[in-house]
Amino acid sequence: MSPLAHILAIPVRAYRLIFSPWVGFNCRFQPTCSAYALEALEKHGAVRGSWLAARRIGRCHPLGSDGYDPVPDPKKPK
C-alpha cells in the first residue's frame, strides 16, 4: 500500500473502531463498505481506491442494490 493510501485508510480504520459498533453491522453489501474501502486502497492505491470506495458508498441507499460486490482486480497492462 502506498504512503498516501495508508493515510487515507486512517479514517476508515477509525470508523471501524469507533463508530461501526454504535451504528450496527447491517451493511447491504458483502464485504462491508469499510472492508471494501480498505481492500480497494490496498489493491489499487490512493486515487483509484478512493474512487472505488466513494462509488461503492454512493450505491448504498434505499433504492440501491445489495449482495456480494467484491473489489475488482487491477487491470494488467497489455
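The figures that follow rest on heavy atoms only: side chains count, while hydrogens, waters and symmetry mates do not. It should be emphasised that the depicted structure is a prediction, and the values quoted were computed from it without experimental measurement.
Alongside Tyr36, the hydrophobic cluster contains Leu52, Val71 (criterion: ILVMFWY side chains under 4.5 Å). Applying the 4.5 Å side-chain rule to ILVMFWY residues, one finds that Ile10 remains a lone member of its cluster.
Distance OG/Ser20 to OH/Tyr15: 4.5 Å, rounded to 0.5 Å.
Arg16 is linked by a side chain to side chain donor-acceptor pair (under 3.5 Å) to Ser34, counting only residues two or more places apart in sequence or in another chain. Evaluation of the side chain to side chain donor-acceptor pair (under 3.5 Å) rule for Asp66 yields no partner, not counting sequence neighbours. Listed by chain and number, the residues in a side chain to side chain donor-acceptor pair (under 3.5 Å) with Arg13 amount to none (sequence neighbours excluded).
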N/O donor to acceptor pairs below 3.5 angstrom from side-chain atoms of residues 40-49, sequence neighbours left out:
| from | atom 1 | to | atom 2 | distance (Å) |
| --- | --- | --- | --- | --- |
| Lys43 | NZ | Glu39 | OE2 | 3.4 |
| Lys43 | NZ | Asp73 | OD1 | 3.2 |
| His44 | NE2 | Pro72 | O | 2.7 |

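Checking side-chain atoms of Arg56 against main-chain N and O of Ala37 turns up no donor-acceptor pair under 3.5 Å.
The shortest non-hydrogen separation linking Cys27 to Cys33 is SG-N, 3.7 Å.
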